[in-house]
Each structure stands twice: as C-alpha cells, then as structure tokens.
Amino acid sequence: ISKKNIQDLVPKTIMHFLVNYARDNVQNELVREIYNDKDSFKVYLQEDQDVAIKRAGYFETQKLLLKTLEVLGEVREFKVARSPAPVSRNRHNMSRFN
C-alpha cells in the first residue's frame, strides 16, 4: 500500500512545485514588464470613457436621491408640526354637543 501511495504522491508533488514555481515566475515577469514599459503602464491606469460617463451619472443620481431624502424629511417634519390633536369621540365629549 505504501509503495503505491509513494508512486502516486511523487508525480503530484513534482507537478505541485513546478506549477507554483512557474506561476510565481510568470507573475514576477509580468509585473516587471509593466513597470519597465512606462507608456503601457499609463494606458493600464486610464479609465475607460464609458466607465467615466457611468460614474458621473451615478454621482448625479446620488445627489438627487440625497436631495429627495432631505425634502421628504422636511415634509415629514412639517406634517408632524401642523397635525391637529386627535379628537376623542367617547360619550362624555359627545354629550356637550347634544
């Protein structure tokens, strides 16, 4: 059983180390290339025009929603301040009107 386990684990272990080594080296190489080429670095950092337009639209929507909340708060406060006292309709109060 252990010989079969060893035969199974050795190729898997080798592949694990090879894949991790290749991944780390490819990532390092890509980062190095990005930093070495200043023009492409600026291109990667530029915002797409469509994204900028959407962001501006979302900002305007947020401003409008905040203004709406402010107005709704003022309306609520106005209604609370102006609402008349509730009228009690029990027999004792109604007897005065009869």
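Below, all heavy atoms of this structure are taken into account, side chains as well, without hydrogens, waters or symmetry copies.
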Subject >> Sidechain-backbone polar pair: Asn28 side chain, Asp24 backbone, donor-acceptor under 3.5 Å >> reply: yes
Which donor-acceptor pairs under 3.5 Å do the side chains of residues 55-64 make with protein atoms, sequence neighbours left out?
from: Arg55; atom 1: NE; to: Glu47; atom 2: OE2; distance (Å): 3.1
from: Arg55; atom 1: NH2; to: Glu47; atom 2: OE1; distance (Å): 2.7
from: Thr61; atom 1: OG1; to: Gly57; atom 2: O; distance (Å): 2.9

Original post:
Taking atom CD of Gln7 as the centre, does the number of heavy atoms from other residues, nucleotides or ligands within less than 6.0 Å exceed 12?
Top reply: yes
**OP:** Measure the NZ-CD1 distance between Lys4 and Ile6 for me, rounded to the nearest 0.5 Å.
**Re:** 13.5 Å
**OP:** Determine, using the 4.5 Å side-chain heavy-atom cutoff (strictly less than), whether Ile14 and Leu9 are members of one ILVMFWY cluster.
**Re:** no
Original post:
Do the side chains of Leu18 and Val10 join up, straight or via other hydrophobic residues, at under 4.5 Å, putting them in one cluster?
Top reply: yes
**OP:** Determine whether Asp37 and Glu33 make a side-chain contact, defined as any pair of heavy atoms from C-beta on separated by less than 4.5 Å.
**Re:**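 No; the side chains remain at least 4.5 Å from each other.
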**OP:** Measure the shortest side-chain to side-chain distance between Arg32 and Glu29 over non-hydrogen atoms and say whether it is less than 4.5 angstrom.
**Re:**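 Counting from C-beta outward, Arg32 and Glu29 do come under 4.5 Å.
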Original post:
Got a sec, which pairs hit ring pair (Phe, Tyr, Trp, His ring centres under 6.0 Å) with one end in residues 11-38, sequence neighbours left out?
Top reply: Tyr35-Phe41
**OP:** Can you spot which of Leu72, Val71, Leu66 makes a side-chain contact (heavy atoms from CB on, under 4.5 Å) with Thr68?
**Re:**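 Looking at Leu72, Val71, Leu66, the match for Thr68 under the side-chain contact (heavy atoms from CB on, under 4.5 Å) is Leu72.
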